[in-house]
Amino acid sequence: MTPIVILYVLFVFRLKMENPQDIFSSNGGCVRDIVIEKYLVESKESASHVQLACSMQHCAFPLDGNELCIWNTEDPSHQLLILRGHHQPITAMAFGNKVNPLLICSASLDYVIMWNLDECRKKVLQGLVPRGTVMGSLLGKVLCLQLSPDDQVVAVCAGNKILTLDIETQAVLAKLQGHLGPVTAVEFCPWQAGIIISVSEDRGFKVWDHCTGSLIYSSSVLSAYPLLSLFIDAGSRQLVTGCADGQLWIFSLMDGHHYRRVARVDLRKKTETFFTRRVKSGLYSQPEESWLPSTSALGKGEQVGVTFPILRLAPCDLSRVPHSACGCLSSENTQCLWIGSSVGLFVFNPANLEVEAALYYKDFHSLSIPLAGSCALRSRFADGKALCLLASLFGGKIAALEVDPAALVVAQQCPRVEQGLSVPASSCVLPTSPLYLGIAKEKSTKAASEQQRAKRNIMKDQFLVFHSKIKSSGYASAPHLTMFSPKTNIKSEGKGPSRHRSSCTWEAYAVDCTVPAKPGPRVTAAPARTRVCCIQYSGDGQWLACGLANRLCLVFDASLTGTPAVFSGHDGAVNTVCWSHDQRWLLSTAQDRTLRVWSARRTELALLLGKDMFSKPIQSAQFYYIDAFILLSSGPEFQLLKYHIDTCKDEIKRYKQRSKSKLVCRLSLTDAGDVTCLSAVNDFYSHIVLTAGRNRTVEVFDLNAGCSAAVIAEAHSRPVHQICQNKGSSFTTQQPQAYNLFLTTAIGDGMRLWDLRTLRCERHFEGHPNRSYPCGIAFSPCGRFVACGAEDRHAYMYEMGSSMFSHRLAGHTDIVTAVAFNPSAPQLTTATLDGKLQLFLAE
């Protein structure tokens, strides 16, 4: 073996402290502490497109082409260890995963060499010339190196093949061939020994078993651009890969998911949305300020062709972000990703698929490299800061940066919501509140209505004849003999004409129940493939109401057995059905611009709000404030109505509607756009109303104050068509803070889970196909699961802690348009576009 000369020298280079301009609007953090350029060195040859390496305390980069330079970040003397042995320019390097001994592997066209840094330093201190170990020679151009978690095997990506080499014996364990282009990145699976995953310029990824040398899975072509980076998240069992056009692809590695795609993310668009939300929230005064030249130029179309090549992916821990400083991150969403790009560094949250922070190199004028060609990242556990090594895209500059992710996130996050928004009412109703006016009017009219009822009773209690005594008809006298003896020991089965069962057994909902995935009864709601627009269970879980496109409302038994009750009267497709809290009334709206309240017992119309009251169709309507109000949206506003339903039955004037309603208040969206949907809690007192508009925003209204409380800009890439709150049920109890969670969904953008307290998206569910038709969503009563419809004739179930679906419910014959959980039992009902209802039961 050719001796490899190792030279330990004191390399004098430039120490450069960061002194950036005040480009961030700080929320209590110090801008000076966000990023510091620790060191800068200039090489004779460019290190662009070379795989750089970072460990907890060391950085490795090529110097002057064929010299391997190691810098110890903890060494105050700034000494460099320069290893000479390669005769050709170094193209890749990688550190081992163990601290003792610390290994580093370097590769060029001539050699692949393994170095033991501890032995190298000892021999240098002894005045000896230490030697490295040549793992292979003349293997070709190596673009990537990766050591196994136990530092026993090294994967060498040479051209379009992958060689796995035993570090101890230097033997070739396997030669993996199958890629059609140069392999750009490779990773060992942390929880499956022998499995490695690789990406290539052929725009696909492959899964290998390097112990047997066999190919396990090969993906299709993902993009029009080469894949450059790869990361395996052991916590969520997901694969993340980035390509040259700034696209992130996320796949599930869970057993049984067959490498199903979870999401595709455009980094540039996500970054634009990130800054747009902060401009609209008031964190920055103007979008065209000089602190953000990159995004402002993109917004004006000056850099339409600019992409963000994703050069490197690395884990980022945001657990050190102070919650009191910004209140922005929940404890579940602190595990993020560093994305190293040619234009900057980004903190990406894989749970909600959002950018948490962005740092552009050229926004810090004192940074020496505005455009990077190579990048290496590593987070330190001791202080939570990240070490970033950059090589200039043009020239030979190589810089080491120290980035504080906590300070970066705090400086760029939206200010904390000061109103203390909460779905459960935390204060009394104010005298100026619309809710107070409605309740006060109800109390004042109670006495008058009781007096009128007493007068009517007095008029009715008059003799019908002039005689004080009349001959009995015999019905009042006792019978002469017993004709029959009624059986009094018969147990009631609850089957009667009454739609309200007061004798039903109330049992607690099983919180630890399994997912309702077992197919049950299926019924056809209407013939001729009539679309089911909406479904909802009653509060006691005994009845299921559904609205059809043929202008009818049907009420089924919860078991989908028997003949349904029919409510007819609408002249358009029924788009909303809603039960009252006491299950006595059923509300429905349709495209005919009418709202009807039905008696659930007698299937009769009790209240009608006609076309003259609304200029546009009613998009959403429901009972509100424990049946005290009716809440509805029409056009650019939503209305709060106080209503009274007269239960007195007058056979002579039954054509005359005695029930009435009165407008309490109407509120419009901030930008006067049309309201697409709204949601509020009716099971308990709440002052919060959630609305969504055509402009892709979600606006929160506080009816105790009678005004808008917050606006979430760019909630989805398309208008939200449904808002679903975690309302729980009367059969189960959740933590008080769980009621502040709500879901939104939009066509082509999946579902998003929001927290009202922080107005942040906590999780993004995007594993179900929904590209053209609005499919429904629902919370389970226990708050553990989320269900949604999809266009592939399946319903999908998600667990709250995972962005990947847990169950895929088959058996449907068309698009699943609506889903609903039974509040009293672990049951799920789905509705399809061809008019069928399917019940799913727990295993």
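Below, all heavy atoms of this structure are taken into account, side chains as well, without hydrogens, waters or symmetry copies.
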_Test salt bridge (charged side-chain N to carboxylate O under 4.0 Å, His left out) applied to Arg784 and Glu799, step by step_ = CA-CA 6 Å; Arg784 296 167 50 212; Glu799 294 184 1; 5.9 Å; no
*salt_bridge(Glu843, Lys518) N-O dist < 4.0 Å*: no
*Have Gln619 and Thr676 got a donor and an acceptor in their side chains that come within less than 3.5 Å?*
no
_Contact between Ser780 and Met797 at the side-chain level, heavy atoms closer than 4.5 Å - yes or no?_
no
*For the residue pair Pro516 and Pro826, what are the closest heavy atoms and their distance?*
CB-O, 3.5 Å
*Would you please indicate if the ring centroids of Phe629 and Tyr643 are separated by under 6.0 Å?*
no
_Gap separating the OG1 atom of Thr817 from the CD atom of Glu791, nearest 0.5 angstrom_ = 11.5 Å
_Carboxylate-amine/guanidinium contact Glu714 Arg696, below 4.0 Å_ = yes
*Between CG of Leu631 and CG of Asn682, what distance do you get to the nearest 0.5 Å?*
10.0 Å
*Sidechain N-carboxylate O distance under 4.0 Å for Arg529, Asp814*: yes
*Would you indicate whether the side-chain heavy atoms of Val597 and Ile645 approach each other to under 4.5 Å?*
yes
*Thr670 and Glu699: side-chain donor and acceptor closer than 3.5 Å?*
yes
*To the nearest 0.5 angstrom, please state how far the CG atom of Leu690 sits from the CG atom of Leu678.*
9.0 Å
_Using only atom types and a distance under 3.5 Å, with no angle test, would you say the side chain of Arg694 pairs donor to acceptor with the backbone of Pro636?_
no
*Nearest atoms (heavy-atom pairs only) where Leu554 meets Ala525*: CD1-O, 3.2 Å
*asked:* Under a 3.5 Å threshold, yes or no: a donor from one side chain and an acceptor from the other, between Ser599 and Trp585?
replied: no
*Out of curiosity, Ser634 OG to Gln639 CD, how far, rounded to the nearest 0.5 Å?*
6.5 Å
*Is Leu609 close to Thr594 at the side-chain level, that is, under 4.5 Å between some pair of heavy atoms?*
no
*Any sub-3.5 Å donor-acceptor pair from Ser433's side-chain atoms to Leu435's backbone N or O?*
yes
*asked:* Could you report the tightest heavy-atom contact between Gln725 and Val423, atom names first, then the distance?
replied: NE2-CG2, 3.9 Å
*asked:* So if I apply the side chain to side chain donor-acceptor pair (under 3.5 Å) rule between Thr744 and each of His721, Arg752, His716, which one comes out positive?
replied: His716
_With a 4.5 Å cut-off on side-chain heavy atoms, are Leu641 and Lys662 touching?_
no
*Does Gln838 use its side chain to pair, donor to acceptor, with the backbone of Gly520 at less than 3.5 Å?*
yes
*Could you tell me whether the side chain of Leu544 reaches within less than 4.5 Å of the side chain of Ile535, counting heavy atoms only?*
yes
_With side-chain contact (heavy atoms from CB on, under 4.5 Å) as the criterion, how do Arg718 and Asp749 come out once you've worked through the C-alpha distance, each side chain's angles and the decisive distance to 0.1 Å?_
CA-CA 7 Å; Arg718 293 186 181 180; Asp749 200 20; 5.7 Å; no
*Scan side-chain atoms only and decide if Asp671 and Asn695 contain a donor-acceptor pair under the 3.5 Å cut-off.*
yes
_Side-chain donor/acceptor of Thr745 to backbone N/O of Gly750, under 3.5 Å_ = yes
*Shortest non-hydrogen separation from Val819 to Ala787 and the atoms involved*: CG2-O, 3.7 Å
*Any donor and acceptor pair, going by atom type alone, linking the side chain of Asn575 with main-chain N or O of Ile618 inside 3.5 Å?*
yes
_For Lys616, is there an ion pair with Asp674 - N to carboxylate O distance below 4.0 angstrom?_
yes
_Show, in sequence, the C-alpha distance, side-chain angles and deciding distance for Ser802 and Met254, and conclude whether the side-chain contact (heavy atoms from CB on, under 4.5 Å) test is met._
CA-CA 11 Å; Ser802 175; Met254 291 184 179; 4.2 Å; yes
_Does either side chain, that of Asn726 or that of Gln734, offer a donor lying less than 3.5 Å from an acceptor on the other one?_
yes
*asked:* Pairing donors with acceptors under 3.5 angstrom, does anything connect the side chains of Arg763 and Ser803?
replied: yes
*Keeping the roles fixed (side chain from Gln722, backbone from Ile777), state whether a donor-acceptor pair exists under 3.5 Å.*
yes
*asked:* Checking side-chain polar atoms at under 3.5 Å, does Tyr798 have a donor or acceptor matched by the opposite partner on His768?
replied: yes
*Distance-minimising heavy-atom pair for Ser588 and Val574*: CB-CG1, 4.3 Å
*asked:* I need the Cys761 SG to Leu353 CG distance, nearest 0.5 Å.
replied: 7.5 Å
*Between Phe765 and Met800, what is the shortest heavy-atom contact and its length?*
CZ-O, 4.4 Å
*asked:* Please check this pair: side chain of Thr697 against backbone of Gly693, looking for a donor-acceptor N/O pair closer than 3.5 Å.
replied: no
*asked:* Any donor-acceptor pair under 3.5 Å linking the side-chain atoms of His644 with those of Ser659?
replied: no
*Quick one: does Lys642's side chain have a donor or acceptor within less than 3.5 Å of a partner on Ser661's backbone?*
no
*Between Leu753 and Phe779, is a side-chain contact (heavy atoms from CB on, under 4.5 Å) present by the stated rule, with each step listed?*
CA-CA 11 Å; Leu753 178 68; Phe779 264 109; 3.8 Å; yes
*asked:* In this structure, is the centre-to-centre distance between the rings of Phe251 and His257 below 6.0 Å?
replied: no
*Apply the test side-chain contact (heavy atoms from CB on, under 4.5 Å) to residues Leu743 and Ile723: give CA-CA distance (whole Å), side-chain angles for both, the deciding distance (0.1 Å), then the verdict.*
CA-CA 6 Å; Leu743 287 167; Ile723 300 175; over 6 Å; no
*asked:* Donor-acceptor check, side chain of Arg596 to backbone of Leu587, threshold 3.5 angstrom: yes or no?
replied: no
*Would Arg808 and Asp792 satisfy salt bridge (charged side-chain N to carboxylate O under 4.0 Å, His left out), going step by step from the backbone distance to the final call?*
CA-CA 10 Å; Arg808 189 166 175 252; Asp792 61 350; 3.2 Å; yes
*So, for Phe840 and His812, is the gap between ring centers shorter than 6.0 Å?*
yes
*Side chain of Arg593, backbone of Gly610: donor and acceptor closer than 3.5 Å?*
no
*asked:* What's the separation between atom CG in Leu607 and atom CD1 in Ile630, rounded to the nearest 0.5 Å?
replied: 5.5 Å
*Compute the ring centroids of Tyr739 and Phe684, then answer whether they are less than 6.0 Å apart.*
yes
*Below 6.0 angstrom between ring centroids: does that apply to Phe701 and Phe638?*
yes
